[in-house]
Amino acid sequence: MVHLAKRPWVPLQSEEFIQSLAQKYSLSQPETLETEIKRLIEQNRKIHDLECINLNPATNVMNPHAEAMLSSGL
């Protein structure tokens, strides 16, 4: 089993959470990890693109109709 060294500079609650994830995923098969990574990527996209407003204008999703008009060469 791969072991993640504890880091004293990380807040205790965060470190315990990270250690639990490291232990959980160290026992997983590569296919399981890939499936989980894809699920997390989709969850991240959903959160940032659909469920919230990002205050960084460079990362906000443009209205699809406005994006289509803009890309049409107007």
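Values reported hereafter were calculated over all heavy atoms of this structure, with side chains retained and with hydrogens, waters and symmetry mates removed. Here, residue 1 is the first one in the sequence, and each next residue gets the next number. The model shown is predicted, which means the values in this text are computed figures rather than measured ones.
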Tell me, with the steps shown, if Lys38 and Glu42 meet salt bridge (charged side-chain N to carboxylate O under 4.0 Å, His left out). CA-CA 6 Å; Lys38 288 178 180 178; Glu42 179 56 30; over 6 Å; no
Any chance you could pull the hydrophobic cluster mates of Phe17, using side-chain heavy atoms under 4.5 angstrom and chaining through other members?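 Besides Phe17, the cluster holds Leu21, Tyr25, Leu33.
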Out of curiosity, Glu36 CD to Ile41 CD1, how far, rounded to the nearest 0.5 Å?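 If we round to the nearest 0.5 Å, Glu36:CD and Ile41:CD1 are 10.5 Å apart.
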CG on Leu12 to NZ on Lys6, rounded to 0.5 Å: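 If we round to the nearest 0.5 Å, Lys6:NZ and Leu12:CG are 8.5 Å apart.
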Looking at side-chain heavy atoms only, is the closest gap between Arg45 and Leu50 below 4.5 Å?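 Yes - at least one pair of side-chain heavy atoms lies under 4.5 Å apart.
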Is there a side-chain contact between Ile37 and Glu34 (heavy atoms, below 4.5 Å)?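 They are not in side-chain contact.
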Do you know which two heavy atoms are closest between Cys52 and Ile47, and how far apart they sit?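 For Cys52 and Ile47, the tightest heavy-atom pair comes out as SG-O, 3.1 Å.
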Search all heavy atoms of Arg7 against all heavy atoms of Leu4 and return the closest pair with its distance.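 Nearest heavy atoms, Arg7 then Leu4: NH2-CD2, 4.5 Å.
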Does Gln13 CD have over 12 foreign heavy atoms under 6.0 Å away?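 Not more than 12 within 6.0 Å, no.
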Distance-only polar pair, side chains of Gln19 and Glu15, donor-acceptor under 3.5 Å: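 Checked: Gln19/Glu15 side chains pair up, N/O donor to acceptor below 3.5 Å.
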